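Remarks on the structure that follows.
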Amino acid sequence: MGAGRIAGAEGIQAISFSVAPRRGAVSIIEIVVLASCIVAAVVVSNRYAVDIMIRTFLWAGLALAWNIAGGYAGLISFGHAAFFGIGAYTSTILLLKYGVPPWFGMLAGALIAGCAGALLTKVCARLRGPFFILSTLAAGEVVRIAALNWRTLTGGSEGLEIPPVPSVVDMVFKSQWPYVTIMVAYMLAMFALSAWIEQTRYGYYLFATRDDEDGASAIGINPSHTRIAAMAVSAGTTAIGGTLFAQYFLYLDPTHVISPDISFQFALICAVGGLGTASGPVFGALIIVPLSELLRGLLSQSTSGLHLVIYGIIVIIVILYFPSGVSGAISRAASKLSLAAGFAARVQAKKM
Amino acid sequence: MSTIVQLLVSGIMLGGIYAVMSIGLTLIFGVLKIVNFAHGEFLMLAMYVAWAVVSATGITTYAAMAIVTPLLFGFGLLVYFLIVRPGIEKPHLVVVFATMGLSIAMQNLALVAMTADLRDVPPLFGGTPIKFGPLYFRLELLLGFLISMAITLALMIFVKRTYVGKAIRATVQDRDAAMLMGINVPRLFLLTFAVGSALVGIAGCIMLPLYSTFPTVGLNFVLIAYVVVVLGGMGSMEGAFLGGVCIGIVQSLSGYYVAPAYGQMFYFLVFLLVMIFRPNGLLGQRGAAMVGINE
Amino acid sequence: MTRRLQAFLRAPSRLVFIAGFACFPFGSAPAEDIKIGVLEPFTGPWAKNGNESYVAMEIARDMINEKGGIRGDKIAFIRGDAPDPSAGKSEAERIINQNGVKLITGTYASPLGIAISAEAERQGVVHWETIASADVITKRGYKHVFQVGPAASRYGTAALDFTKEELANRLNRKFEDLRIALLWENRAFGTAVGNGVRARAKDLGINLIFDEGYDQFMTDMTPLVQKLKDARPDVLVVISFINDTVLLHRKAKELDFNVPAVIGVSAGHSVPDLKDSIGTAVNGLFVSDLPVLVNPNSLRPDVQAAAEEFNKRYEKVQRRVPAGHAVASFAALWTLFNDVLPKAKSIAPEEVRTAALSMDLPPGSLINGSGLKFSNFDLPNDPKDAGQNIRSSIGVWQWQNMAARQVYPKNLATNEIAIVPLPDWSKR
């Protein structure tokens, strides 16, 4: 696949482009997909479809956030819902108790979550593989149970409700358009962050640490600091998504917000879409979110639970047959295509 | 005084039951190095099958083990061929997510087939406890504990004395070296996964008199199973037993002396502490937690 | 697996995906039917209650359609699966926008009720809440949300009032001397009811000698029951869901925990299946809940007839008697179909609202003994409250001979109180 370089004006780092998704370059396919998302956001007016889009873009952003730790740094976390919840609850509590606009509240949430993420990684520094995964799961559950029981702070199981009074300052809107815009912006920002990480030195440190820790430290990278930084960024950006969630849904309760199901969803979207690439989580969200919503809408008229049986089976099949995710499959298909194209071109050339 | 003895005895016996539920998992985890997220649903299936057998024939769940165990063995084979084997050479996460999909599918298949109603079996002696001095406990609890101990012992002997057992230990330590030594690792994987599932079948029979079954019952137990496995040390039979007993005691004492509202928090905290200070678990391979899995 | 098999398996998943897109709108009904959205937890941890409530609602729909519907138009349901609040919101969004529904109902559990009613209000459709009891549902200034069942705090109040009026003398004690223990499951309902009990206890000037919440995933009741045993209560008020209730009573038998009176609050204690799980141990347990079978003399004659028909049909379909939530779901929909909608000029939200607010039905107008009168920012001690049915009934029934028998309040009661104090386990 060709990689073209666009040299920007003085001072702007060159961005590499490519045809199909690969690490370290923004592919044309990704640009097309993202552009279609933006177009769809503007054009589609059916409320139900827009609701699905809002969720899809939000989950894409959240999955991209997870991917920074899970895909790039190799820190597979099944407790990210805790950071999500920290973000959602921090901004909501600040809003309800002190009138702090969520635009600022989300920064506070991101900071707290970032510190929590750093702490978690420091504490679990020596753990690898399933041990790390289960530790994050345990940590997430600890946070959920704490939130459930700390009723004076979080409202406990009765939850917190944000009054649906439209106000730009309080990030509550009557129409869907502002929400769509915010979610698209979040997704694009996370995508840009991921692409930027991939193309800079920091990304290089991350991938080196993930793929070969000993080799990385041999050439002077500090794996521990790299990991902690990655998790902190991942946690903080997840927390921002949590705030956006709270502002759209206007109702939080610990059981449903800090749940392992949500943690799994982040990871599943990345796995289906392709871990370790910036486009993977986007593709994953574009598949998983509409799929589960549509299945539920389509099949819940009849037998209870049928839609989830089918969803589960689809997940199994997709994961087994697309282990590098959709973006991996696209890359392979694209490279086969370009090989075929190149071959055909040479054959043509020979004929002439 | 009698209170604390009661708490300890109940906790230990329940811990034995947690152990038998986790012992299949530690085998699978230790040998195949995969996380089976549908473990809770295997247990749910075992309980439903046991219930069906008991309701249809009237035999006790302990007798039903003779039917449930081979059925779960077969189910393990099926899942291995369809889901685990295609995923095992691929990145580790593939099996994690595939089993997650399996978990969702199984929970809801149970909902569709059996509805959300609770299913029970009649208790022995009508649920009247055995009284042992100031202590009370149900016969099923004691039986479950004894069976769990027996299974753990049997597995320990198996793992230490037989060829297959040695092959298992070798594979837990170092898969590649085991292959080099001539062990048929793929077939061992198959056997281990099926046997691990069969062990869950036994667990289901033991647990059914104590817990009703319903489609999401697995969720109550799967996290405990993982905590027990990691606490005890991946691949260690006696570790699983010890881990189970520890968790049972922690649950019992914390529920009484602290607050039951915090429920699982205590053993998650115990888990995290063990992970920080002794990541290989109580009786596990040294260095296992740091090596993790070979990808 | 062979490549061909892999390819074969990939096809169906694509098909389902495409089929899904091709199927706007979902769920369809003939044009002249009145479409009502029903949001219940059909999957997830509340699946049993959601599905049973739906069966009851279907009976209400069938019965009204057999009578000719509302002015000749039949009622049609569009289902939405709401296992959790955000799924519920999404389903509500879908039903309201894809199917043009103007009235939705459901939802069983408080988190669902809170989130879904907010969505309904946002979109300007009426939400007819059958059971979810969170007090906050009617205190948000919403104009189109109607809570037909009682608020959570009243469940606990009924338990304590019952204790004061009926249990104290039967236990040969003064009410103020009774040792009362409170045990609550720490999800929304349990917490809210627990708060109600605590507040009522304070009003009545008594101390709870035991007040513990516990986690829904509790797999071992030993420490809890041991703690209760050590507290030696006279009355145990407990809010637990079905699985925990079974575990609690089994463990109570195992550890020989004896208490003279147990008042379970709704949820696990009110489910008919409880007798299948713990057998004769149910007899004597009190349940503070939505009434299930009330004194026929307390009901309006046509309502009594509806109650009998409902019970007949429900038992035919489910092969057991309806639980409190099923009865309440039917009751809420039956009064909607029978009393409210006929009075509304159309299904438009403003018309339904006007009709609902005009309701002034005395107790005995719903099959569980409730009346129907909604607050409208006019309660003297709570001017922010709107949409609460201040005549919803809460009572106490008792398990007698493995069946539910209403014992309180007197006007709804079908039987006398019995089995007080509860005999020790050794004598049962």
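Order of the sequence lines fixes the chain letters, A, B, ..., with proteins taken first and strands second; residue numbering starts at 1 for each chain. Side chains are part of it too, since the values below use all heavy atoms of this structure and drop only hydrogens, waters and symmetry mates. Keep in mind the model is a prediction, meaning the values are calculated, not measured.
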Cut-off 4.5 Å, heavy atoms of chain B, and the answer for A:L148 is neither
Cut-off 4.5 Å, heavy atoms of chain A, and the answer for B:V35 is side chain
* To do: May I ask you to check whether B:F97 and A:F264 place their ring centers less than 6.0 Å from one another?
  => no
NE2 (A:H307) and CG (B:N108) are apart, to the nearest 0.5 Å, by 7.0 Å
If one checks every heavy atom of A:A125 against chain B at 4.5 Å, the contacting part turns out to be neither
Smallest heavy-atom separation, A:V309 atom then B:L109 atom, equals CG2-N, 3.4 Å
In this structure, CD1 of A:I145 is separated from CZ of B:F268 (nearest 0.5 Å) by 6.0 Å
By side-chain hydrogen bond (donor to acceptor under 3.5 Å, both in side chains), A:D253 pairs with (sequence neighbours left out) A:H256
The interface call for A:F132 against chain B, heavy-atom contacts under 4.5 Å, is neither
(request) Flag the pair B:L272 / A:S135 as yes when at least one side-chain heavy-atom distance between them is below 4.5 Å, and no otherwise. (result) yes
Cut-off 4.5 Å, heavy atoms of chain A, and the answer for B:V96 is side chain
Shortest non-hydrogen pair, B:A98 vs A:I319, comes out as N-CG2, 4.0 Å
Residue from A:A139, A:A267, A:C124 scoring the most non-hydrogen pairs under 4.5 Å with chain B is A:A267
Heavy atoms of B:M275 and A:L127 approach each other most closely as O-CD2, 3.7 Å
Contact check, side chains of A:V315 and B:M100, non-hydrogen atoms, under 4.5 Å:
no
Those residues at least two apart in sequence (or on a different chain) that pass salt bridge (Lys or Arg N to Asp or Glu O under 4.0 Å) with B:R119 are none
Heavy-atom closest pair (A:L308 atom, B:I104 atom, distance to 0.1 Å) is O-CG2, 3.5 Å
Correct closest heavy-atom pair for B:M234 and A:F131 would be SD-CZ, 3.6 Å
inquiry  = What I'd like to find out is whether the side chain of B:F271 reaches to under 4.5 Å of the side chain of A:L134, using heavy atoms alone.
reply    = yes
Looking only at A:L320, A:I133, A:L275, the option with the highest number of non-hydrogen pairs under 4.5 Å against chain B is A:L320
Whatever's closer than 4.5 Å to a heavy atom in chain A on B:F266 counts as neither
Listed by number, the residues in residues 73-84 of chain A that come under 4.5 Å of chain B (heavy atom to heavy atom) are A:I76, A:F78
For residues 247-264 of chain B, the side chain to side chain donor-acceptor pair (under 3.5 Å) pairs (sequence neighbours left out) are B:Y18-B:Q251, B:Q251-C:T219, B:Y256-C:D230, B:Q264-B:Y267
